[in-house]
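Only one structure is covered here, and it is reproduced in the block below.
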Amino acid sequence: MAKNTDTKGMTTDSQLARRLTDVQGRIRVAAKAAEREVQTIRLLAVSKAKPAEAVRALASLGVTEIAENYLAEGLAKQAQLADIPGLCWHFIGRVQSNKTAQIATHFSWVQSVDRLKIARRLSESRPQALPSLNLCVQVNLDAEPQKSGVLPEEAFALCRQIAALPNLRLRGLMAVPSVSRTDAFTRLSALYAEIGARMRGFDTLSMGMSADFEQAIAAGSTLVRLGTALFGERPSKSGV
Ligand SMILES: *Cc1c(COP(=O)(O)O)cnc(C)c1O
């Protein structure tokens, strides 16, 4: 297998393995501290701005859930990795309405749904031969203008409308809260519990990134989305 390189020097497969072991250990410690079973927390590898070879190396270490933010970049990597069975691709970036058909065809999850129009289009274009498309509703907890997401007070209504659409399976909530809002994870967790009590099938609370996944686990995250902690720093131009 080829060694992986990135723009900030070499990332070898052994470095990747070390980072993965470290992250898994930290997830275990955080779960234990929160008196949670570690199996209730899934690891999602965010590979934006990283080469397909790095994803291949991670897959060989047993990580199968992979997330991309940009459609073209995601499709290119999927094509390069088509020989690997069992990879599960999540779309976590802003969903443009002219890209919904391709997203609905090539991904198993879309975590960044914040409008009914987008959910409708995903529903209409999900191929019948595939299982239902898994969705999370993205919440903009603090109404930050630069971020996607439905406002917390509008989340339940959107969830109810999405749940009525065919070819979709609404699984839960996702957010990218500002690190400075230290209570954001507990607020999202409360919203998730409140909506989950009124909806069938809610089982995914997607929160926590490289800088804050331990706090997210303490607050009840069931899926942490890790880029930097697994793959190393990204070139600075690729943000959220
Ligand atoms: C980039 C990104 C991540 C991963 O960020 P890191 O800080 O590198 O772990 C997680 N979630 C979303 C929505 C992202 O855009």
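In each ligand, atom 1 is the first atom listed, and ligand 1 is the first ligand listed.
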(request) Report the residues that fulfil side-chain hydrogen bond (donor to acceptor under 3.5 Å, both in side chains) with Ser206, sequence neighbours left out, ordered by chain and then residue number. (result) Gln111, Arg225
(message) Give the atom numbers and elements of ligand 1 that come within less than 4.0 Å of a heavy atom of Ile92.
(response) 11 (N), 12 (C), 13 (C), 14 (C)
(message) Tell me whether the count of non-hydrogen atoms from other residues, nucleotides or ligands lying under 6.0 Å of CZ in Arg160 goes above 12.
(response) no
(message) Within the structure provided, determine whether Lys50 and Val55 are in side-chain contact (heavy-atom separation under 4.5 Å).
(response) no
(message) Quick check: closest heavy atoms across Arg126 and Ala104, and the distance to 0.1 Å?
(response) NH1-O, 2.8 Å
(message) Any heavy atom of Gln111 closer to ligand 1 than 4.0 angstrom?
(response) no
(request) Give the numbers and elements of all ligand 1 atoms closer than 4.0 Å to a heavy atom of Leu226. (result) 9 (O)
(message) Is there a polar contact between ligand 1 and Gly227, counting only N or O atoms under 3.5 Å apart?
(response) yes
(message) Could you tell me, atom by atom, which parts of ligand 1 come under 4.0 Å of a heavy atom of Lys48?
(response) 1 (C), 2 (C), 3 (C), 14 (C), 15 (O)
(message) For Glu73, give me all partners under side-chain hydrogen bond (donor to acceptor under 3.5 Å, both in side chains), at least two apart in sequence or on another chain.
(response) Lys77
(request) For Asn69, counting its heavy atoms only, list the atoms of ligand 1 lying under 4.0 Å from any of them. (result) 14 (C), 15 (O)
(message) As an exercise, state the distance from OG1 of Thr222 to CG of Asp203, rounded to the nearest 0.5 Å.
(response) 7.0 Å
(request) Quick one: look at Thr228 and ligand 1, take heavy-atom pairs under 4.0 Å, and tell me if it's side chain, backbone, both or neither. (result) both
(message) List ligand 1 atoms under 4.0 Å from Val176, heavy atoms only on the residue side.
(response) 13 (C)
(request) Decide whether a cation-pi geometry holds between Arg19 and Phe231; the criteria are a distance under 6.0 Å from NZ or CZ to the six-membered ring centre and an angle within 45° of the ring axis. (result) no
(request) Run the numbers for me: atoms of ligand 1, each under 4.0 Å from some heavy atom of Arg225, listed by number. (result) 4 (C), 9 (O), 10 (C), 11 (N), 12 (C), 13 (C)
(request) Under 4.0 Å from a heavy atom of Ser210: give me the atoms of ligand 1 that qualify, with their elements. (result) 6 (P), 7 (O), 8 (O), 9 (O)
